[in-house]
Engineer: 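Next up is a structure, given as structure tokens.
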Amino acid sequence: MLKIGANLKRIRQEHKLTQRDIGTVLGIDRSAYTFYETNNTNPSLETIAKLADIYDVTVGYLLGVEENHPELKKRSEELAVAESNPSPLAYLKKDEQLLLMSYRILSDEQKEKAIELIRTGLVEK
């Protein structure tokens, strides 16, 4: 059984998100997501890939097999620089952040449909 719960919890907290926030983005209940963090249930490979996209990390990082990977060191250095400069996302409301995170895990086709839906809604105003 995979033991990625601690990694999921740590990275979620680093992003200042709640279990409910991530559950919403994934389209699952908060309690279902809690099972991932407590290692009671393993997320599917598809869900792990979505989580990696949401957090902008590799699947290997979430699985705990790439802790010292050069890309992670680079990302860590980028995060240190970013921490000294407020993130553009920090100024967004929570629902706006969740919308952007949800968009990241859509397929290209779904992204096109979402953009078209938004454009249509703006034209109708």
Engineer: Can you tell me if Lys113 has over 12 outside heavy atoms packed within less than 6.0 Å of its NZ?
Structural biologist: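 Not more than 12 within 6.0 Å, no.
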Engineer: Can you tell me how far apart CG (Asn7) and CZ (Arg10) are? Round to the nearest 0.5 Å.
Structural biologist: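 Asn7 atom CG to Arg10 atom CZ measures 5.0 Å (nearest 0.5 Å).
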Engineer: Is the closest basic N to carboxylate O distance between Asp56 and Arg104 below 4.0 Å?
Structural biologist: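 A salt bridge is present here (some side-chain N lies under 4.0 Å from a carboxylate O).
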Engineer: If you compare all heavy atoms of Asn39 against all heavy atoms of Gly5, which two are closest, and at what distance to 0.1 Å?
Structural biologist: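 Result for this residue pair: OD1-N, 3.0 Å.
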Engineer: Is Leu45 reachable from Tyr55 through a run of I, L, V, M, F, W or Y residues, each pair having side-chain heavy atoms under 4.5 Å apart?
Structural biologist: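 In one cluster with Tyr55: Leu45, yes.
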Engineer: Shared ILVMFWY cluster between Tyr103 and Val57, side chains joined below 4.5 angstrom?
Structural biologist: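 Tyr103 and Val57: separate clusters.
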Engineer: In the structure I gave you, are the side-chain heavy atoms of Thr41 and Tyr36 within less than 4.5 Å of one another anywhere?
Structural biologist: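 In contact.
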Engineer: Report the residues that fulfil side-chain hydrogen bond (donor to acceptor under 3.5 Å, both in side chains) with Asp53, sequence neighbours left out, ordered by chain and then residue number.
Structural biologist: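 Partners of Asp53 under the side-chain hydrogen bond (donor to acceptor under 3.5 Å, both in side chains) test: none.
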Engineer: Rounded to the nearest 0.5 Å, what's the gap from CD1 on Ile11 to CG on Leu62? Could you check?
Structural biologist: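 Nearest 0.5 Å value for the CD1-CG distance: 6.0 Å.
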Engineer: Distance check, rounded to the nearest 0.5 Å: Thr120 atom OG1 versus Glu116 atom CD?
Structural biologist: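 These two atoms lie 4.5 Å from each other.
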Engineer: Closest heavy-atom contact between Leu106 and Lys111?
Structural biologist: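 That closest heavy-atom pairing would be O-CE, 3.3 Å.
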Engineer: Could I get the full list of side-chain hydrogen bond (donor to acceptor under 3.5 Å, both in side chains) partners for Gln110, not counting sequence neighbours?
Structural biologist: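 Per chain and number, Gln110 pairs via side-chain hydrogen bond (donor to acceptor under 3.5 Å, both in side chains) with Ser107.
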Engineer: Taking atom types as modelled and ignoring hydrogens, do the side chains of Asp21 and Thr24 form a donor-acceptor contact shorter than 3.5 angstrom?
Structural biologist: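 No pair is found: no donor N or O on one side chain lies under 3.5 Å from an acceptor on the other.
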Engineer: How many angstroms lie between atom OH of Tyr33 and atom CZ of Arg20, to the nearest 0.5 angstrom?
Structural biologist: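 Those atoms lie 14.0 Å apart.
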Engineer: Of Leu51, Ile28, Leu8, which meets side-chain contact (heavy atoms from CB on, under 4.5 Å) against Ile22?
Structural biologist: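 Checked Leu51, Ile28, Leu8 against Ile22; only one passes side-chain contact (heavy atoms from CB on, under 4.5 Å): Leu51.
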Engineer: Would you compute the distance between atom NZ of Lys9 and atom CD1 of Ile4 and round it to the nearest 0.5 angstrom?
Structural biologist: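 Output value for this atom pair is 14.5 Å.
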Engineer: Do the non-hydrogen side-chain atoms of Leu17 and Val25 ever get within less than 4.5 Å of each other?
Structural biologist: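 With C-beta onward as the side chain, the pair stays apart.
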Engineer: Under the side-chain hydrogen bond (donor to acceptor under 3.5 Å, both in side chains) test, which residues partner Ser102, sequence neighbours left out?
Structural biologist: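 side-chain hydrogen bond (donor to acceptor under 3.5 Å, both in side chains) check on Ser102 returns nothing, list empty.
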Engineer: Does any donor atom in the side chain of Ser44 or Thr47 lie under 3.5 Å from an acceptor atom in the other side chain?
Structural biologist: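 The criterion, which ignores hydrogens and geometry beyond distance, is satisfied for Thr47 and Ser44.
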Engineer: Look up atom CZ in Arg12 and atom OG1 in Thr18, then write down how far apart they are to the nearest 0.5 Å.
Structural biologist: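 Answer rounded to 0.5 Å: 7.0 Å.
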